[in-house]
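Notes follow the structure.
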Amino acid sequence: AQSSDAAAQVDNLPEPLSARFVDSFAYKTVRDRLPVILAKVADSVCRRKSEFNSTDMDRVKSVIIGGVSRLRNELQTDKPLLPLSDSASDTTAWNDYLAELTETLGRAPSWFKEPWLYVECYMYRRLLELVNLADLTVGIDLFAPEKRQSLLGSAALAAAAAEAALAAEAEAEAANGAPQLRRLLRLCLSANLADLSLSALAEAHQLAADDANSSGLIILLDHTDQFVDCLRQRGPAVAVVHIVLDNVGPELVSDLCLAECLLRGGHAAKVRLHTKAAPWFVSDATELDLAATLDWLASGSAGQSSVQLAESLPVSPLSSGSDPFWTTWLAFADMETSPLGAKLYKKLSQADCVVLKGDLNYRKAVSDLAWPPTAPLAKAVGRFRPAPLLLVRTLKSNVVAGLAPGQAEAADAQHSDWMVAGKCGVLQFLPAENA
Ligand SMILES: O=P(O)(O)OC[C@@]1(O)O[C@H](CO)[C@@H](O)[C@@H]1O
Ligand SMILES: [Mn+2]
């Protein structure tokens, strides 16, 4: 698999974002945010004693808590990245890539010098390594308590979003511009602010229980009409939409409401959801989280509309599974040609539109390179064109493409941290390559 870094050198592309740029958000993340996340993980797992028997608890302490603290130390002192020592199905792929990178660089890869995307993914994979090595008698998601809390805080949003979804009945055929779909897309966008890896910094983002307008989010690009048209052109109730999920809590709740709105509104015949194969970037949704969220909605904790919503959204036809590609370090431009991604690329190619949720998916879609903000999105996504794309993302890293001239400057004048603080968002559509 060719790294984005290597691709950049060959094709004369922009540089990958990296902590080696010391005034960048990548640097701040590697220096400050990632160690905080690791400290919180250790602290949180310490408090979960009641979940484990005494043998498991001993292993939690020695393998997981001890390992997290060593990992944090490695990161903070910029020790070389180490090969993985577990024996999971993806261990060899990660280790082969590390070896390849070491050879290309002619030195040990470093937390502070290599592409941020790779380093950050590697850190989350190292946490999974600890869980694998601990080999507990029960499964453990290191971020479960935070995820649960985030779900429990979603009731107000769930009630409003479920109502909007249920009100979408046959709106695709009406000439009213699909108001519920429009509203739900905005909800899904503003709910992306609630990602737990950002709030680990305690730069609390107040999640609006209502919509993007009331959260004060600046929507830089709103291609809702193009998305609606793309589904409409496919013909009423034939379109298949794939949603590549991001975070649990308000975001997953609103994504489920979006799925229901697409189906009930007649915008799509099928919706398929993609989850992560393992806990990732703190708040990313796994298959277990998806089931737990539907259970919680069905329990009535978020009101009657949510119960109705959960009843009409059974998990099995809805879920497209958790392809292991999503939890690799690879950018989406490498999906089709990598042995790790070719199968997933084929699956996505069957969609009439692929909705990519969140900041990490956006970074991977544009290879996490420092594109000028006016670079055409088609150029930035490169070889990732399985189907028309809709990118739904609040900006939480220094990368964006497809803005009109002057837009970046105007946003910068308004908020100097516009690219990283979740103050701006995009609903960005890219038609099929041959359209
Ligand atoms: O993909 P998500 O959940 O919207 O965001 C993930 C995220 O918190 O992780 C990275 C930094 O750690 C950033 O790209 C982004 O802010
Ligand atoms: Mn996420």
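We count residues from 1, following the sequence as given. Ligands are counted one by one from 1 in listed order, and the atoms in each one are counted from 1 as well.
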Point to revise | Close N or O approach (D246, ligand 1; < 3.5 Å) | key: yes
**Study point:** Within reach of ligand 1, part of Y362 (heavy-atom separation under 4.0 Å)
**Key:** neither
Check your understanding: Taking both backbone and side-chain atoms of L360, is any N or O found less than 3.5 Å from an N or O belonging to ligand 1?
Key -> yes
**Study point:** Atoms of ligand 1 close to R33 [distance to a heavy atom under 4.0 angstrom, numbered from 1]
**Key:** 8 (O), 11 (C), 12 (O)
Point to revise | the Mn ion (ligand 2) reached by D246 (N, O or S, under 2.8 Å) | key: yes
**Study point:** Nitrogen or oxygen atoms of N361 and ligand 1 under 3.5 Å apart
**Key:** no
Study note, to complete from the structure: Going by the 4.0 angstrom heavy-atom rule, the piece of R363 near ligand 1 is side chain
Check your understanding: Do the charged groups of K276 and D289 touch, with an N to O distance under 4.0 Å?
Key -> no
Point to revise | Enumerated ligand 1 atoms positioned under 4.0 Å from heavy atoms of N192 | key: 4 (O)
Check your understanding: Which atoms from ligand 1 have a heavy atom of D359 less than 4.0 Å away?
Key -> 1 (O), 2 (P), 4 (O), 5 (O), 13 (C), 14 (O), 15 (C), 16 (O)
Review point. Are L142 and L130 close enough that some pair of their side-chain heavy atoms sits under 4.5 Å apart?
Key: no
**Study point:** Within-4.5 Å side-chain heavy-atom neighbours: L389 and F384
**Key:** yes
Review point. Around K347, counting heavy atoms of other residues, nucleotides and ligands shown, do more than 12 lie under 6.0 Å from its NZ?
Key: yes
Review point. Does an N or O anywhere in T29 fall below 3.5 Å from an N or O of ligand 1?
Key: no
Check your understanding: Does the side chain of S154 come within less than 4.5 Å of P250's, by heavy atoms?
Key -> yes
Check your understanding: Side-chain contact, heavy-atom cut-off 4.5 Å: L391 with N361?
Key -> no
Practice item. Kindly confirm whether the Mn ion (ligand 2) is within less than 2.8 Å of some N/O/S atom in S283? Key: no
Check your understanding: Does Y124 come within less than 4.0 angstrom of ligand 1, counting non-hydrogen atoms of the residue?
Key -> no
Exercise for review: Would you check if there is a donor-acceptor pair between the side chains of Y362 and Q428 at a distance under 3.5 Å?
Suggested key: yes
Review point. Salt bridge or not for E74 and R126, using N-O below 4.0 Å?
Key: yes
Exercise for review: Could you say whether the N/O atoms of E120 and ligand 1 ever approach to under 3.5 Å?
Suggested key: yes
Check your understanding: With a 4.0 Å heavy-atom cut-off (strictly under), which part of N247 contacts ligand 1: side chain, backbone, both or neither?
Key -> side chain
Study note, to complete from the structure: One finds that the ligand 1 atoms under 4.0 Å from a non-hydrogen atom of W116 are 11 (C)
Revision key, fill the gap. Answer key: the N, O or S atom of D284 nearest to the Mn ion (ligand 2) is OD1
Check your understanding: How about R393 and V400: do any of their side-chain heavy atoms sit closer than 4.5 Å?
Key -> yes
Check your understanding: Will you find, in the side chains of T29 and E120, an N or O donor that is under 3.5 Å from an N or O acceptor?
Key -> no
